[in-house]
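The next block holds one structure in the form of structure tokens; read it before the comments.
This one's a predicted model, so the numbers in the text were calculated from it and none came from an experiment.
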Amino acid sequence: MPHSPGLPDGTPVLVLNGPNLNLLGLREPDVYGSDTLADVEELCRATAADHGLRADCRQSNHEGALIDAVHEARAGHRAIVINPGGYSHTSVALRDALAAVELPVVEVHLSNIHKREEFRHHSYVSAVADAVICGAGAHGYALALAHAATLVREKR
């Protein structure tokens with residue numbers, strides 16, 4: 001697929017993964033699938049390139065490190081794709097950081113959080129995200145990056 005019209009090749013997008021996503025492929029594969037984080041990052045890089053983007057993939061189990069990455073994105077990235085993991089449901093601070101950087105944000109979840117435990121139904125991040133993709137497995141990242149490319153083009 002050719003890259004998105006109007007975007008210079010290599011437009012940087014932060015792909016940020018939160019706690020426990022380093023255990024993908026090992027942790028509850030019936031819920032999260034068998035793809036590893038390395039598989040997801042490879043998919044992100046390939047999909048991003050197809051859309052004229054460059055995926056800068058990062059993962060942390062620490063809330064402060066995720067917030068620092070969001071703050072850094074303000075200066076060097078054009079959008080953020082984020083799977084906040086469990087911080088979706090608990091972190092007002094991460095939500096506030098995403099709101100403060102004023103970049104397009106696409107929230108992604110491997111599982112459909114609305115078909116799971118009640119406490120997972122609410123995400124603080126969703127309130128500041130331009131789009132939310134959940135329940136599509138690893139393919140959700142490809143959808144998120146395609147949409148991020150659209151948002152970046154519209155913001156130019």
Side-chain angles (χ1 to χ4, degrees), residues 1-21 24 31-33 35 37 39-60 63 66-67 69-156:
M1 173 187 292
H3 73 81
S4 296
L7 290 180
D9 285 334
T11 300
V13 172
L14 178 62
V15 178
L16 193 56
N17 283 290
N20 299 312
L21 288 159
L24 284 178
V31 174
Y32 301 109
D35 290 316
L37 182 59
D39 295 333
V40 168
E41 290 177 346
E42 183 179 322
L43 170 67
C44 288
R45 287 186 187 98
T47 303
D50 287 345
H51 291 280
L53 305 173
R54 178 181 50 81
D56 175 9
C57 299
R58 301 186 200 180
Q59 186 276 330
S60 181
E63 184 178 28
L66 296 170
I67 292 168
V70 169
H71 289 178
E72 290 169 19
R74 183 177 193 165
H77 297 80
R78 298 288 308 280
I80 299 172
V81 170
I82 184 168
N83 183 339
Y87 288 134
S88 307
H89 324 293
T90 64
S91 183
V92 173
L94 183 57
R95 176 250 179 251
D96 288 351
L98 290 163
V101 297
E102 299 178 342
L103 291 171
V105 173
V106 181
E107 180 182 5
V108 63
H109 296 278
L110 294 158
S111 66
N112 183 345
I113 61 175
H114 303 289
K115 290 179 80 173
R116 300 192 56 203
E117 303 92 340
E118 182 74 25
F119 72 88
R120 295 186 195 274
H121 295 184
H122 177 265
S123 168
Y124 287 103
V125 171
S126 295
V128 296
D130 295 282
V132 179
I133 299 168
C134 65
H139 180 64
Y141 285 86
L143 297 170
L145 282 159
H147 191 62
T150 299
L151 294 170
V152 168
R153 271 195 320 273
E154 290 173 354
K155 194 171 180 177
R156 294 187 102 218

Q. What closest approach, in Å, do Q59 and G18 show between heavy atoms, and which atom pair accounts for it?
A. NE2-O, 3.0 Å
Q.
Any side-chain to backbone donor/acceptor pair from T47 onto C44? Under 3.5 Å, distance only.
A. no
Q | Contact check, side chains of N83 and V40, non-hydrogen atoms, under 4.5 Å | A | no
**Q.** Separation of T150 OG1 from L145 CG (nearest 0.5 Å)
**A.** 11.0 Å
Q.
Rounded to the nearest 0.5 Å, what separates atom CG in D35 from atom CD in E41?
A. 12.0 Å
Q.
Tell me the closest heavy-atom pair linking L14 and A73, and the distance in Å.
A. CD2-CB, 3.8 Å
Q. How long is the gap from CG on L103 to NZ on K155, to the nearest 0.5 Å?
A. 5.5 Å
Q. If only atom types and distance count, is the side chain of D130 paired as donor or acceptor with the main-chain N or O of V105 below 3.5 Å?
A. yes
Q: Check side-chain hydrogen bond (donor to acceptor under 3.5 Å, both in side chains) between E72 and all other residues, then give those that pass, not counting sequence neighbours.
A: R58
Q | Shortest non-hydrogen contact from P84 toward V108 | A | CD-O, 4.2 Å
Q | From OG (S60) to CG (L16), nearest 0.5 Å | A | 8.0 Å
Q) Do Y141 and N17 pass the side chain to side chain donor-acceptor pair (under 3.5 Å) test, and can you show the C-alpha distance, the side-chain angles, and the key distance before you say yes or no? A) CA-CA 11 Å; Y141 285 86; N17 283 290; 2.5 Å; yes
